[in-house]
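Please read the structure below before turning to the comments.
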Amino acid sequence: MIDPKRLRTDIADITQALKKKRYDLDADAFTQLDAARKERQIKAESLQAERNQYSKTMGRLIAEAKSKGGDIAPLKAQGEALKNAFIEAEQSLHEVQQQIEELLHGIPNVPDGSVPEGVDEADNTEVRRWGDIPEFTFTPLDHVDLGAAIGGMDFDRAAKISGSRFVQMRGKLALLHRALGQFMLSTHTLEHGYEEVYVPFIVNRESLFGTGQLPKFEEDLFKLSDERQLFLIPTAEVPVTNIYRNEIIDQLPIKFASQTPCFRSEAGSYGRDTRGMIRQHQFDKVEMVQFVAAEDSWQALEELTGHAQKILEKLALPYRCVTLCGGDLGFSAAKTYDLEVWLPSQNTYREISSCSNFTDFQARRMKTRYRDSRTGQLEFVHTINGSGLAVGRTMVAVMENYQQADGSILVPEVLQPYMHGLRVID
RNA sequence: GGAGAGGUGGCCGAGCGGCUGAAGGCGCACGCCUGGAAAGUGUGUAUGCGUUAAUAGCGUAUCGAGGGUUCGAAUCCCUCUCUCUCCGCCA
């Protein structure tokens, strides 16, 4: 959520900045609503003050009236009149407050100045490339064909069990999948200073509101039919970030890493990536989440992106890093780097990690604060998160980049300890 | 699933219709004391919102959440939620 105070004082600047995100802020509507809010709030609060004042003297007045044998009905009637006047003012205040809130909840985070202009992913700007694109003396297969040849990657049976966009794996491929997750988690905890967390995979509306998936993006989520309004997590970002919802953190920074399954309805992407494991309703992901002081978040974003890159580098997978342009940037993010891994079968780079600085946007929604050591004031923390990495897509990348002419797959050296020393999958 | 008990400030814990943003204690901060420290002692110690030049005042809200009764609710009533105890069931 954007700071409403900032919206009052800098609305022109914010409106301009949000254009980059292709969001059209109705500044006049906000200004009018806020003026109405101010007027009504002053009125309601002064009526309430009057009423409080009156109620305080009531005990004495009633006692006096009674001792003189007087009638206390008029005293009560006056109190009642004050109450009714207040209730009316309060209702009218609530109306505007609700409208303002609705507007506020739908405004995306303001993109950072360094975010490039643009409408979609074609306008993302490349920051760096790493690794050499492998050259094959044969025509490389994609992971689906490789999986079929090896055996143990079964989309048909997954469809029978569940439907489209699911996979079932067995044997060495299931092991490879597990090894990848373990390798990532171990690297982040042992080398990058993250603490491992295990979290619920089912969350409530408040948590999804906190990180920004709700109220706008409900159709992307799997919702449980149960009356409690629970949802399957689309990313570990939701439960992990919400660990500190409604709390004051006393020690920053905090760095968490967590492996979870992620569930996405993929509504609106019907024709895209229908083949293979690239776009599934369920996939595993290792997520890194940092809570930092406001002044540290930009550095933390660079650091966290580096941690994700490190995984790709250890796996010797060629990748590039791009800065998302305004139009491609998510609702809650102020800036996002995507890491894209090389996929030989597609002869292109595909997203495998997304690392973002949310500044105080999520913290404001979650009411997650810390005490600034210099001013002693409570401030909203900044949150940063990123995939480190999407396990399913990493598996695709390993299979395709490490394939050999005979259809077997070499196991990257760093994974071998996690795979009982296995060097080749065939 | 059945029966019961409870959620009050950073923590513990009183309060059970007006004088309570909330006793008392612990913790914390600052001062005094001390050669220094401990002990002792004094003072202070929530947050949001509004107004404002102001982190000064003033107003308003908050005692798990939401609703209700009342002139007035932390205190009474209802719903929800979470925690604990006992029984049942169970990975």
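Lettering of chains follows the sequences in order, A, B, ..., and the numbering in each one begins at 1. None of the values given here were measured: they were computed from a predicted structure.
The distance from atom CD1 of A/Ile384 to atom OG of A/Ser297, rounded to the nearest 0.5 Å, is 5.0 Å.
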- Message: Could you write out RNA chain B as dot-bracket? Rules: Watson-Crick or G-U wobble, both distances under 3.5 Å, brackets [ ] for crossings, | for pairs with another strand, dot for unpaired.
- Response: ((((((((.[[[..)..(.....]]]((((((.......))))))((((((.....)))))).[[[[[..)....]]]]])))))))....
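A salt bridge is absent between A/Asp284 and A/Arg178; no separation between the charged side-chain nitrogens and carboxylate oxygens falls under 4.0 Å. Taking 4.0 Å as the cut-off between side-chain N and carboxylate O, A/Asp34 and A/Arg8 count as a salt-bridged pair. We find that A/Lys19 and A/Asp24 are not joined by a salt bridge, their nearest charged nitrogen and carboxylate oxygen being 4.0 Å or further apart.
A/Lys43 comes within contact range of no nucleotide atom at all, as no heavy-atom separation falls under 4.0 Å. No contact: A/Arg40 has no heavy atom under 4.0 Å from any strand.
Straight-line distance between the P atoms of B/C11 and B/A65: roughly 14 Å, to the nearest whole Å. The separation of B/C63 from B/U75, taken at their P atoms, amounts to 8 Å, rounded to a whole angstrom. With C1' as the reference atom, B/G13 and B/U69 are 30 Å apart, rounded to whole Å. Distance check on atom P: B/G9 versus B/A74 gives 14 Å, rounded to whole Å. Distance check on atom P: B/U81 versus B/C28 gives 39 Å, rounded to whole Å. If you take atom P in B/A61 and the same atom in B/C19, they sit 13 Å apart, rounded to whole Å. Here the separation of B/U70 from B/C82, taken at their C1' atoms, is 29 Å to the nearest Å. Atom name C1', nucleotides B/A73 and B/C16: the rounded distance is 10 Å, in whole Å.
Of all nucleotides listed (B/U47, B/U60, B/G72), B/U47 comes nearest to the side chain of A/Arg371. Residue A/Ala49 places its side chain closer to B/G59 than to any other of B/G18, B/G50, B/G59. Checking B/G59, B/G50, B/G18 against every side-chain atom of A/Glu45, the shortest atom distance belongs to B/G59. The nucleotide whose nearest atom lies closest to any side-chain atom of A/Leu378 is, among B/U47, B/G50, B/U60, B/U47. Comparing B/C49, B/C71, B/U51 against the side chain of A/Arg51 picks out B/C71 as the nearest. Side-chain atoms of A/Ser55 lie closest to B/G18 of the nucleotides B/A61, B/G18, B/G50.
Checking the phosphate oxygens (OP1, OP2) of B/G72, no side-chain nitrogen or oxygen of A/Asn52 falls inside 4.0 Å. Close to B/U51, at under 4.0 Å from its OP1 or OP2, lies no side-chain N or O of A/Gln41. Between A/Lys38 and B/U51, a side-chain N or O to OP1/OP2 separation shorter than 4.0 Å is present.
Here the shortest heavy-atom pairing between A/Glu117 and A/Cys325 reads O-CB, 3.7 Å.
Using a 4.5 Å heavy-atom threshold, the side chains of A/Arg205 and A/Glu218 count as touching.
Between A/His281 and A/Phe166, the ring planes are tilted. Angles from 30° to 60° get that label. Ring geometry for A/Phe256 against A/Phe291 counts as perpendicular: the plane angle is over 60°, on a 0 to 90° scale with 30° as the lower cut.
Judged by the 6.0 Å and 45° rule, A/Arg365 forms a cation-pi pair with A/Phe209.
A donor-acceptor pair under 3.5 Å is formed between the side chain of A/Asn109 and the backbone N or O of A/Phe358.
If you measure from atom CD of A/Gln78 to atom P of B/G72, you get 13 Å, rounded to the nearest angstrom. Remark: C1' of B/G50 and CG of A/Asp34 are 11 Å apart, rounded to the nearest angstrom. At whole-Å resolution of the value, CG in A/Asn204 and C1' in B/U81 are 11 Å apart. Rounding to whole angstrom units, CZ of residue A/Arg8 and P of B/U52 are separated by 11 Å. Atom-to-atom, CD of A/Glu247 to C1' of B/G64 comes out at 14 Å; the value is rounded to the nearest Å. Residue A/Tyr54 contributes atom OH, which lies 11 Å from atom P of B/C71 at whole-angstrom precision. Counting to the nearest Å, the C1' atom of B/G48 and the NZ atom of A/Lys367 are 9 Å from each other. Atom C1' of nucleotide B/G10 and atom CD1 of A/Ile248 are separated by 9 Å, given to the nearest angstrom.
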- Item | A/Phe361/A/Phe331 under ring-ring contact (aromatic ring centres under 6.0 Å, His included): CA gap, chis, key distance, verdict | CA-CA 10 Å; A/Phe361 188 84; A/Phe331 177 74; 5.5 Å; yes
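Nearer to the 5' terminus of RNA chain B, by closest-nucleotide assignment, is the contact made by A/Arg369 (compared with the other of A/Glu50 and A/Arg369).
The stretch residues 79-98 of chain A comes close to RNA chain B through A/Gly79, A/Glu80, A/Lys83, each having a heavy atom under 4.0 Å from the strand.
For the side-chain hydrogen bond (donor to acceptor under 3.5 Å, both in side chains) criterion with A/Lys255, the lone passing option out of A/Glu303, A/Glu195, A/His307, A/His188 is A/Glu303.
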